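Heavy atoms only: backbone and side chains are in, while hydrogens, waters and symmetry mates are out. Just so you know, these numbers come straight off a predicted model, no measurement behind them. Chain identifiers are assigned alphabetically (A, B, ...) following the order of the sequence lines, protein sequences preceding nucleic acid strands; residue numbering begins at 1 within each chain.
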Protein chains: 2
Amino acid sequence: MTGLRENNLGSAQECLGQRFQTWRGGEFDLALCPVRGILDRLGDKWTTLILIVLAQRPHRFSEIRRSIPDISKRMLTQTLRDLERDGMITRRVFPTKPPSVEYGLTELGESLLEPVAQLVTWAETSQTKIAMARSAFDAAEASRG
Amino acid sequence: MTGLRENNLGSAQECLGQRFQTWRGGEFDLALCPVRGILDRLGDKWTTLILIVLAQRPHRFSEIRRSIPDISKRMLTQTLRDLERDGMITRRVFPTKPPSVEYGLTELGESLLEPVAQLVTWAETSQTKIAMARSAFDAAEASRG
DNA sequence: TCTTCCTGGTCTAAAATAGAGACCAAGCCT
DNA sequence: AGGCTTGGTCTCTATTTTAGACCAGGAAGA
């Protein structure tokens, strides 16, 4: 364990708490601190991708790596550990000749899939608009020099 | 512009495409590449927080900074620029004596609030389970030495 | 007038984080 | 023996983030 996981989730940053009590109207209570920690976790580069891969079926370590070619072993290990620690995935070791390890979603992990799916859907439907906005912005910037 | 924004969204990583055609059943088509770029953007440390702040009402640069005390000026500037480029927020400069700049959500930005809200809701309802899972994991790890 | 403060940034240097790839044990196959 | 596999870990380097100094330029105070 060299420097892996000393993610002080939400300790470095002050609780934004009461500031957002009325997030667009009031249905949104305080307690944003832990939420932020979770958002940070989801937000990292690989977490969502790994969840999507595991959503299909349980995968072994190297299988995940093949599904997400540009993740490094180190980051895969670290992200899987964090996910396991948060109760989103299970890790099962089989004492086969070369040992094999299978990762799969827990119920909690499954439940996360729903909001993630919404986000993915939003991303799909919005990508055209975003691409247009980018072009416009870049063009305007270029014309200003 | 020193090193800001050369985010080659989705160029470094190969398109995961057809691999996820059947994300939990089949309703999930290819085209994950651009989606991934968007997810990366949402996933960064500050984007979601800024969106939530702006969801309340438009804010000035320094106001945002006060709402998110631990963001550095540089990251705030950079994140706001990226958000503006993606068409999620508008930037309006007022030629006041000390110049003031107001940032607000666009319609596209507003539309993102919905899936983000779902995620926040999930996070709120799940935080207890996650906390328990962490305790259990840490305890098990400690007992193993 | 001279000093100080405010704004929204930019710049540099240092700290934290991610990535590449060598390495490991242990057992199989040839 | 030699080489291959597995799931990792370790070290070294590259990238990213942070802190904080700095800037222009008007305003208000003295």
Side-chain angles (χ1 to χ4, degrees), chain A residues 1-9 11-14 40-41 43-47 49-50 53-54 58-85 89-104 141 144, chain B residues 1-9 11-14 40-41 43-47 49-50 54 58-85 89-104 141 144-145:
Chain A
M1 291 296 151
T2 1
L4 301 195
R5 183 180 350 90
E6 61 280 335
N7 34 245
N8 43 352
L9 285 180
S11 81
Q13 14 242 169
E14 219 40 59
D40 264 11
R41 171 76 26 105
D44 82 23
K45 197 167 183 177
W46 307 112
T47 297
L49 244 20
I50 290 175
V53 169
L54 295 184
H59 279 65
R60 294 176 51 182
F61 185 87
S62 297
E63 266 185 311
I64 301 174
R65 231 154 84 78
R66 277 190 290 274
S67 291
I68 308 176
D70 51 351
I71 192 173
S72 67
K73 274 182 173 186
R74 190 183 190 281
M75 289 314 292
L76 181 52
T77 302
Q78 181 175 333
T79 309
L80 288 171
R81 285 284 179 286
D82 286 342
L83 245 19
E84 188 194 356
R85 187 168 99 103
I89 63 175
T90 54
R91 176 176 184 273
R92 294 202 303 153
V93 183
F94 299 97
T96 49
K97 342 353 171 39
S100 64
V101 181
E102 190 185 77
Y103 293 92
E141 193 179 52
R144 277 197 312 273
Chain B
M1 294 295 150
T2 0
L4 302 195
R5 185 183 347 93
E6 61 281 333
N7 33 246
N8 43 352
L9 286 178
S11 81
Q13 15 243 165
E14 218 41 58
D40 264 11
R41 171 75 27 104
D44 81 25
K45 196 168 185 178
W46 308 110
T47 297
L49 244 19
I50 290 175
L54 295 184
H59 279 66
R60 293 176 54 182
F61 186 86
S62 298
E63 267 185 310
I64 301 175
R65 231 155 84 79
R66 277 189 289 274
S67 292
I68 309 175
D70 51 350
I71 190 172
S72 67
K73 275 179 173 186
R74 192 183 190 282
M75 288 313 291
L76 180 54
T77 302
Q78 181 174 334
T79 308
L80 287 170
R81 285 284 178 287
D82 286 342
L83 244 19
E84 188 193 357
R85 186 168 99 104
I89 64 176
T90 53
R91 176 177 183 272
R92 294 201 303 153
V93 182
F94 298 98
T96 48
K97 354 323 174 62
S100 65
V101 181
E102 190 185 76
Y103 294 92
E141 194 180 51
R144 277 198 312 273

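- Distance Arg74(B) CZ to dT10(C) P: 9 Å, rounded to the nearest Å.
- A residue-by-residue look at Pro98(A) and Asp44(A) shows that Asp44(A) has its nearest nucleotide of DNA chain C further toward the 5' end.
- Considering only side-chain atoms of Lys73(B), the nucleotide from dT10(C), dA18(C), dG7(D) that sits closest is dT10(C).
- When the nucleotides dT10(C), dG8(C), dT18(D) are ranked by their closest atom to the side chain of Trp46(B), dT18(D) comes out on top.
- For Leu80(B) and dT10(C), the CG to C1' distance is 15 Å, given to the nearest whole Å.
- Contact annotation: Arg81(B) reaches the phosphate of dG9(C) (side-chain N/O to OP1 or OP2, under 4.0 Å).
- Residue Ser72(A) has its side chain nearest to dG19(C) when only dG19(C), dC22(D), dA22(C) are considered.
- Across all strands shown, Phe94(B) has no heavy atoms under 4.0 Å from either base or sugar-phosphate atoms.
- Side chain of Gln78(B), nearest nucleotide from dG7(D), dG9(C), dT17(D): dT17(D).
- Residues Ile64(A) and His59(A) approach most closely at CG1-CB, 3.6 Å, considering heavy atoms.
- For the OP1/OP2 pair of dG8(C) and a distance below 4.0 Å, the side-chain nitrogens and oxygens of Arg60(B) include at least one atom meeting the criterion.
- Taking atom CE of residue Met75(B) and atom P of nucleotide dT16(D), one finds them 10 Å apart after rounding to whole Å.
- Side chain of Pro99(B), nearest nucleotide from dT7(C), dG7(D), dT11(D): dT7(C).
- Rounding to whole angstrom units, CD1 of residue Ile71(A) and C1' of dG21(C) are separated by 16 Å.
- If you take CG of Asp82(A) and C1' of dA18(C), they are 14 Å apart, rounded to a whole angstrom.
- The residue Thr96(B) sits apart from the nucleic acid: no heavy atom pair falls under 4.0 Å.
- Looking only at side-chain heavy atoms (C-beta outward), Glu63(A) and Glu102(A) stay at 4.5 Å or farther from each other.
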### Query
Does the pair Ile71(A) and Leu49(A) meet the rule for a side chain to side chain contact (heavy atoms under 4.5 Å, CB included), with working shown?
CA-CA 10 Å; Ile71(A) 192 173; Leu49(A) 244 20; over 6 Å; no
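- Rounded to the nearest 0.5 angstrom, Arg41(A) CZ and Arg85(A) CZ are separated by 7.0 Å.
- Straight-line distance from the CZ atom of Phe61(B) to the P atom of dG8(C): 7 Å, rounded to whole Å.
- Look at NZ on Lys45(B): it is 16 Å from C1' on dT15(D), rounded to the nearest Å.
- At least one side-chain heavy atom of Asp70(A) sits under 4.5 Å from a side-chain heavy atom of Trp46(A).
- Note on Ser62(A): a side-chain N or O is less than 4.0 Å away from OP1 or OP2 of dG7(D).
- For Arg65(B) and dC6(C), the CZ to C1' distance is 13 Å, given to the nearest whole Å.
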